[in-house]
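Before any comments, here is the structure.
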Amino acid sequence: MIRVTLLTTVGCERCIKVRHLLDILKQAYPELIVQEVDSNSITGQDVMGKYQVISTPAIIINGKYHRLAGYTEKELRKEFDAIRLHLQNI
């Protein structure tokens with residue numbers, strides 16, 4: 001299973017684009033579970049503090065923080081493929 005926490009902010013255009021990209025990637029990765037969290041919520045503030053996130057959008061993939069600056073669909077696929085391969089070898 002690939003668990004993604006997507007930290008967003010209301011009105012954030014980049015957040016909407018990343019959410020859309022993750023929706024598309026769900027088709028190729030049925031094991032992908034995305035939880036969207038508003039960065040201004042109590043949970044969002046907790047997650048931002050835990051991973052020292054300073055801006056949105058940001059993603060946590062299986063407990064590891066990934067800054068999204070410059071992240072492309074190709075890079076996300078590479079990350080998801082690596083996780084998928086690792087899970088198959090466990």
Side-chain angles (χ1 to χ4, degrees):
M1 188 173 311
I2 303 171
R3 293 186 181 271
V4 172
T5 301
L6 171 62
L7 286 162
T8 61
T9 304
V10 174
C12 168
E13 290 297 321
R14 288 180 50 215
C15 298
I16 293 167
K17 290 178 182 178
V18 172
R19 181 182 331 119
H20 179 69
L21 174 58
L22 289 170
D23 286 342
I24 291 169
L25 289 173
K26 281 183 188 180
Q27 296 172 20
Y29 300 89
E31 69 274 32
L32 178 62
I33 297 174
V34 178
Q35 175 190 17
E36 185 172 349
V37 177
D38 181 351
S39 64
N40 293 314
S41 69
I42 292 171
T43 301
Q45 290 295 304
D46 288 345
V47 172
M48 290 185 75
K50 178 179 179 179
Y51 293 98
Q52 299 179 356
V53 175
I54 58 172
S55 65
T56 60
I59 58 174
I60 314 300
I61 303 174
N62 285 2
K64 183 178 175 188
Y65 168 52
H66 295 263
R67 291 180 11 178
L68 280 174
Y71 243 73
T72 64
E73 179 179 348
K74 181 179 177 181
E75 291 168 320
L76 283 174
R77 285 182 182 275
K78 183 178 177 182
E79 184 72 28
F80 294 163
D81 287 341
I83 293 169
R84 181 184 270 173
L85 183 62
H86 172 74
L87 293 174
Q88 289 172 350
N89 291 324
I90 291 180

Exercise for the section: Flag the pair Glu73 and Arg77 as a salt bridge only when some basic side-chain nitrogen lies within less than 4.0 angstrom of an acidic carboxylate oxygen. Expected result: yes
Problem - salt bridge (charged side-chain N to carboxylate O under 4.0 Å, His left out) partners of Arg19, counting only residues at least two apart - result: Glu36
Please give me the minimum heavy-atom distance between [X] and [Y], naming the atom from each residue.
X	Y	answer
Thr56	Cys15	OG1-SG, 3.7 Å
Tyr65	Ala58	CE1-CB, 3.7 Å
Pro57	Val18	CG-CG2, 3.8 Å
Ala28	Arg84	O-NH2, 2.9 Å

When rounded to the nearest 0.5 angstrom, what distance separates [atom1] in [X] from [atom2] in [Y]?
X	Y	atom1	atom2	result
Leu76	His66	CG	NE2	8.5 Å
Asn62	Leu87	CG	CG	7.0 Å
Lys64	Ile59	NZ	CD1	11.0 Å
Lys74	Lys78	NZ	NZ	8.0 Å
Lys50	Thr5	NZ	OG1	9.0 Å

Fill in the blank from the handout: Only one of Leu32, Ile83, Leu6 passes side-chain contact (heavy atoms from CB on, under 4.5 Å) with Ile61, and that residue is Ile83
Which pairs would a plain distance check flag for residues 40-47, meaning a side-chain donor or acceptor within less than 3.5 Å of a matching protein atom at least two apart in sequence or in another chain?
from, atom 1, to, atom 2, distance (Å)
Ser41, OG, Asp38, O, 2.7
Ser41, OG, Gly44, N, 2.9
Gln45, NE2, Ser39, O, 2.5

Practice task
Establish whether Val37 and Val4 are linked, either directly or via other cluster members, by ILVMFWY side-chain heavy-atom contacts under 4.5 Å.
Solution key: no
Practice task
Provide the full list of ring pair (Phe, Tyr, Trp, His ring centres under 6.0 Å) pairs with a residue in residues 2-31, sequence neighbours left out, each pair given once.
Solution key: Tyr29-Phe80
